[in-house]
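All of these numbers come straight from a predicted model, not from anything done at the bench. Numbers restart at 1 for each chain; the letters A, B, ... are given by sequence-line order, proteins then strands. Side-chain atoms are counted along with the backbone in the values below, which use heavy atoms only and exclude waters and symmetry mates.
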Amino acid sequence: MAFERILMKHVDVPNSTSLSVYKSDGGYEGAAKALQMKAEQVVELVKEANVRGRGGAGFPAGLKWSFLPAERDVTYLCVNADESEPPTFCNRVLMETDPHMLLEGILIAGYATRTTVAYIYMRGEFIEQFHIMQKAIDEAYEAGYLGKNILGSGYDLDCYIHRGAGAYICGEETGLIESLEGKRGWPRIKPPFPAVEGAFRKPTVVNNVETLACLPHIITRGVEWWQSLGPEGSFGPKMYCVSGPVNKPGCYEGPMGISVRDLIYADEFGGGMRDGKKVKAVLPGGFSMGVLRGDLFPKAPDGTVDPAQDYDELDARLDFDDVRRYGLLGLGTAAAVVVAEDTDIRDVLANVARFFAMESCGQCTQCREGSSWMYKMAQRIRGGAGRIADLDVLVEVTQNMGMMPGESICGLSDGAAWPIRTIVQKFRKEFEQHISAQAPDAAAEWIRRVNPAAYGLPIAQGRAEVMPGGTFYRPDSEPDTVEA
Amino acid sequence: MAWRTIDRTKVSPEEMGPGLSAAVREKIQAFFPRYPTKQAALIPALHIIQDALGYISLQAMEDVAELLELHPSQVMDVVSFYSMFWTHPRGKKTIMLCRSLSCELMGGKNVRDALVEKLGIKEHETTDDGEWSFMTEECLAACEHAPCMLINEKLHKCVRVEDLNRILSDPDNDKLEMPRSDLFDAPRTAQT
């Protein structure tokens, strides 16, 4: 399969972050062309191409722009570079190797939405990437691609980088806006949507890094080229990330709609599993989107295989629509983490549950309490003291949190519930085997260890002893042990 | 932190910690033209303070609140939300080890145990000589190089247990091998 790399075309080019290299093969031509057009024409073009946002939700970018009120004095553009969804790193690769492609996209999007100030919200852990982006911004100012009267069109745009400080929730668009305003990153209730009332109470557009990086190519190559890539409804090139025990973990570019099996086994992508192990599970779209089994998943409760409804889950195609057939929430970030057959699924469950318990912002009750409740249950199951009923309770908790049952402000709790529900549902047999292999008094022993008060045992004076300051995190490898 | 309460009516100057120097104030003020409100400069300001002091002291919170025309509680609200801000002094070098799934699958747990053993501290603690602090972090977005860890500014990729001695003894293990732009200071203001 010969695929021309578009977004990652400079990955192997030396000194690719400099303006001269970027301009040497058509850089900033898209922006020059866009600035010749009317702003409405650019919006129409992006709408016609049906560019769906790469950040996770897959919302069409052009449609998002057209929600801006016609009469507005100030518009802000926020670039969502707060890439915190494990195990996603394609935005990092893009910013490291081609910062000017992002800046050109910002320029086009800014022009189309009549933005005067663009903020790149970059997560605080990206330090090297910050320097690269800042250097690129300085170069762009010098060359006249940012600042006043860009390329003689009379259009002004300022671009600043705003560093976050380590909060997953700031990747949610209203959380990002709150954080940009200097507050906690607590998502806002919508409506009003950011396009009407966003950052600093002004109309705001929030776009992902990869979405913006696609724009220059749509302008230069046209809508037909864009729609020739990928299946209907999910056009364009996509950056896939694959990590875990595969031979070639990394970020790869391909058309929309490659299968998970290709992503893991094809030579141009993951290159097969390390040591020839089998795949046990894949989380193909970041954590939030759910899990796929590495083998056939018999849906009948007694485990009999019915070819009509059971299919190999690795055949799922990574585009915006096909993954839903396999019980996933959506494409997400198309970042797959592969779990090999020798990994205990209980560890995976505990890791995923911990992530959401730690990163829930704490605003909505069911997300704050539900995610930590699920984490406690996952810890208990991993600690060898699970109960069969825990699995049912886990599923029940996941069904009662999120925007879909109408309980939360943002989608984080959907993203927290979905992977845990799919892990429990798809690997239930394995959990049950582990639980039935436990010692009969394991659950009682666990309670003795984690909650000595239940047995009238002395409690360590002040639990702050085991939870030193900073955050509420404590090592989870073992429960608090108390000298009885 | 939820278990520690502070009676601010009787806080000694030692507990309030150091305040903001004139240079730090100047750097923070240079961020004002970027945003339509002063409050928006709060997170950049806290980064500047943490770079200068190593942590966000109570006095610094009061000072920055005054500078940005906020209530001190609004500043503490933000400081306590973001995991990168430390409210107590930390070591010269802070190790942030990734504990997300990719890193854990590739042996991140072993690296953590080895680090805890080598440094002799638990997570969120600082060694007695004030050299190292250690914490774990969710996903550093370098999963293809799992397991990875960040020492102050430098990301160490594909860390194995046998590499740890070499990494920890290297005096430049926290410095970026690239030209720095003026990261936290001298921001570009709107050109006229």
Practice task
Answer with side chain, backbone, both or neither: which region of Val348(A) has an atom nearer than 4.5 Å to a non-hydrogen atom of chain B?
Solution key: both
Handout entry: Contact summary for Leu42(B) and Gly182(A), nearest pair of heavy atoms
Key = CD2-O, 3.5 Å
Exercise for the section: Could you check which of Lys202(A), Arg274(A), Lys183(A) has the highest count of heavy-atom pairs closer than 4.5 Å to chain B? Expected result: Lys183(A)
Practice task
Could you tell me whether the side chain of Pro249(A) reaches within less than 4.5 Å of the side chain of Met106(B), counting heavy atoms only?
Solution key: no
Problem - Whether over 12 other heavy atoms sit under 6.0 Å from Glu66(B) CD - result: no
Handout entry: Contacting region of Phe355(A) [heavy-atom separation from chain B under 4.5 Å]
Key = both
Exercise for the section: Could you tell me whether a side-chain N or O of Arg92(A) sits under 3.5 Å from a main-chain N or O of Ala141(B), the two making a donor and an acceptor? Expected result: yes
Handout entry: Nearest atoms (heavy-atom pairs only) where Arg163(A) meets Ile43(B)
Key = O-CG2, 3.3 Å
Handout entry: Heavy-atom proximity to chain A below 4.5 Å, by part of Ala146(B)
Key = neither
Handout entry: Proximity of His145(B) and Phe89(A) rings by center, below 6.0 Å
Key = no
Fill in the blank from the handout: Given Leu101(B), Leu70(B), Leu46(B), Val75(B), the one with more heavy-atom pairs under 4.5 angstrom with chain A than any other is Leu101(B)
Handout entry: Side chain / backbone / both / neither for Leu283(A) at chain B, heavy atoms under 4.5 Å
Key = side chain
Fill in the blank from the handout: When every non-hydrogen atom of Ile169(A) is compared with those of Phe81(B), the smallest separation belongs to CG2-CZ, 3.7 Å
Exercise for the section: Considering only NZ, NE, NH1 and NH2 on the basic side and carboxylate oxygens on the acidic side, decide whether Glu144(B) and Lys248(A) come within less than 4.0 Å. Expected result: no
Handout entry: Glu341(A) atom CD, over 12 foreign heavy atoms within 6.0 Å
Key = yes
Problem - Heavy-atom donor-acceptor pair, Arg99(B) side chain to Asn351(A) backbone, under 3.5 Å - result: no
Exercise for the section: Identify which part of Thr88(A) has an atom lying under 4.5 Å from any heavy atom of chain B, answering side chain, backbone, both or neither. Expected result: backbone
Exercise for the section: For His162(A) and Tyr35(B), work out which heavy atoms get closest and say how close. Expected result: ND1-OH, 2.7 Å
Handout entry: Options Ala41(B), Ala40(B), Ala45(B), Cys103(B), ranked by heavy-atom pairs under 4.5 Å with chain A, top entry
Key = Ala40(B)
Practice task
Would you name the heavy atoms of Glu138(B) and Met358(A) that are closest together and state the gap between them?
Solution key: OE2-CG, 3.9 Å
Practice task
Sort Glu137(B) into side chain, backbone, both or neither according to what part of it lies under 4.5 angstrom from a heavy atom of chain A.
Solution key: side chain
Problem - Aromatic ring proximity, centroids under 6.0 angstrom, Phe31(B) and Tyr160(A) - result: no
Exercise for the section: Would you mind checking which part of Cys170(A) comes under 4.5 Å of any heavy atom in chain B, side chain (CB onward), backbone (N, CA, C, O), both or neither? Expected result: side chain
Problem - Atom group of Glu181(A) that falls short of 4.5 Å from chain B, counting heavy atoms - result: backbone
Exercise for the section: Mind checking the OG-CZ spacing from Ser100(B) to Arg354(A)? Nearest 0.5 Å is all I need. Expected result: 7.5 Å
Problem - Asp172(B) CG: over 12 foreign heavy atoms closer than 6.0 Å - result: yes
Practice task
Could you tell me which portion of Leu105(B) (side chain, backbone, both or neither) has an atom closer than 4.5 angstrom to a non-hydrogen atom of chain A?
Solution key: side chain
Problem - Intermediate values then yes/no, side chain to side chain contact (heavy atoms under 4.5 Å, CB included), Glu128(A) and Lys154(B) - result: CA-CA 8 Å; Glu128(A) 202 180 329; Lys154(B) 186 172 175 182; over 6 Å; no
Handout entry: Which atoms of Leu150(B) approach chain A - backbone, side chain, both or neither, heavy atom under 4.5 Å
Key = side chain
Handout entry: Closest heavy-atom pair and its distance - Pro87(A), Cys139(B)
Key = CA-SG, 4.3 Å
Practice task
Would you check if the side chain of Tyr119(A) reaches a backbone N or O of Arg34(B) as a donor-acceptor pair within less than 3.5 Å?
Solution key: yes
Problem - Donor-acceptor under 3.5 Å (Ser243(A) side chain, Ser102(B) main chain) - result: no
Exercise for the section: Can you tell which part of Tyr76(A) gets under 4.5 Å to a heavy atom of chain B, answering side chain, backbone, both or neither? Expected result: side chain
Problem - Straight-line distance of Ser83(B) OG to Glu359(A) CD, nearest 0.5 Å - result: 6.5 Å
Handout entry: More than 12 heavy atoms of other groups within 6.0 Å of Glu26(B) CD
Key = no
